[in-house]
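Below you'll find the structure, written out as structure tokens, and then a few comments.
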Number of protein chains: 2
Amino acid sequence: MCTTEDKIIDAAIVLFSQKGYTAVTTKEIAKEAGVSEMTLFRHFENKHNLFERAFDRFVFTPKFIALFENLEWNLERDLFNICSSYQDVLRKNQKIILMHLKNDEFNPQFEKMLLKFPNEFKNLLSSYFEEMRNRGVIVENPETLAVSFLATNFGLFFTSLVMSKLTFNTDLQTCISNYVKIFTKGISLQK
Amino acid sequence: MCTTEDKIIDAAIVLFSQKGYTAVTTKEIAKEAGVSEMTLFRHFENKHNLFERAFDRFVFTPKFIALFENLEWNLERDLFNICSSYQDVLRKNQKIILMHLKNDEFNPQFEKMLLKFPNEFKNLLSSYFEEMRNRGVIVENPETLAVSFLATNFGLFFTSLVMSKLTFNTDLQTCISNYVKIFTKGISLQK
DNA sequence: GAATAATGTTAGTTATTACTAACATATGTA
DNA sequence: TACATATGTTAGTAATAACTAACATTATTC
């Protein structure tokens, strides 16, 4: 089904995201991958190299721009689509994000790549809100709205990650549509 | 100014929250504290014990209940106060939270303690929204609102932590009041 | 079926880490 | 001054981690 390298990379990303780079041993990764430790080194030379390969393999680079090309210019529907898509990006990058959280300042180059996403997304969101303001749909400051929207999205994502450990009775999907509805109503100009 | 134990605990919490338990060495902590490694072991016996002491010392146990005793039953003002206070709790527990994020599944006992906060807070919030619904101020599901509010709060907190690394022009305070305003308007029954 | 490549196994090296023992120094107190 | 206590220093131990070398075994290909 999949190559030896794939098995090792898969095992590495799982363990790195669970415990962090330092706390995981190469022996552990090899065992999880079902290969001998020697095979790991033969393929990846050293642990750090394996980390880089795992990062490159698992980082999901989204095309945010596409999200903003199919707009309906209906506030609630647009925001719901954007929110869902962003949640999807976060979920797809879940392991990378967790891995990074557990290895702060470990490698600035990866951090830079990961920070590109929210920055780019914020700018696109900001432009969207600006256009909506020009159209007279909203009045709030576009940048502030974008940051707020982004922060909430991350909060929802993270909450859903630990949700199983909490005594919450609400699922993520309900939360998202509810949030978008409220947010939309909250920023819409009343007629 | 402060005792040797204090200096060591302070150094420990800083390093643990930056790099995680495993990635930090006792030698490193001793150096950061400006004492010899031997002194560290004389006071704390072993690394894990130091971790526990640091946790106990730095965990800030909030009295959420007090937050809900001085309510004005004005949606926006109440939510603003609650939000600000919760942000304060998160900030005060910042190092503990980061330390925990970097040591997932490290110690279930600490995780349980940390999860108590959002659970308790959610229940109180939920009751608040329920009462507001009874008063005819809002119509939404109280639990959903509470989870959404909580998630956003965490998102705002976390965003503010990494804000300096992002190209955002909006500060946390602006974001909070803006969010509360929008949220309030979004859930209020229009007359 | 032979040659080649990929993997396993085992033993070992080097560096590091948590942690200890023993002794030296400083610092404050009776 | 004398004594006790806190700290520093140095050396060392046991365990573990990353990583290598050498050889055995299996799988793949021609």
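What separates CD of A:Glu37 from P of D:dC19 is a distance of 9 Å, to the nearest Å. What separates CG of B:Leu40 from P of C:dA18 is a distance of 10 Å, to the nearest Å. The separation between B:Lys47 atom NZ and C:dC19 atom C1' is 12 Å, rounded to whole Å. Separating the NE2 atom of B:His43 from the C1' atom of C:dC19 is a distance of 16 Å, rounded to the nearest angstrom. The separation between A:Phe44 atom CZ and D:dC19 atom C1' is 16 Å, rounded to whole Å. Nucleotide D:dT10 holds its C1' atom 12 Å from the NZ atom of B:Lys27, rounded to whole Å. Put simply, CZ on B:Arg42 is 12 Å from P on C:dA21, counting in whole angstrom units. As rounded to whole Å, 18 Å separates atom C1' of D:dA17 from atom CZ of A:Phe51.
Aromatic ring orientation, B:Phe121 versus B:Phe64: tilted (interplanar angle from 30° to 60°).
The side chain of A:Val35 has C:dG8 as its nearest neighbour among C:dT20, C:dG8, D:dC19.
Centroid-to-centroid, the aromatic rings of B:Phe110 and B:Phe51 come within less than 6.0 Å.
Contact between the side-chain N/O atoms of B:Thr39 and the OP1/OP2 oxygens of D:dA6 is not found at any separation under 4.0 Å.
Residue whose closest nucleotide on DNA chain D sits further toward the 5' end, between A:Thr26 and A:Met38: A:Thr26. The 5' end of DNA chain C is approached more closely, in terms of each residue's nearest nucleotide, by A:Ser36 than by the other of B:Asn46 and A:Ser36.
Taking 4.5 Å as the limit, some side-chain heavy atom of B:Leu172 sits within range of a side-chain heavy atom of B:Leu156. B:Met163 places none of its side-chain heavy atoms less than 4.5 Å from the side chain of B:Asp171.
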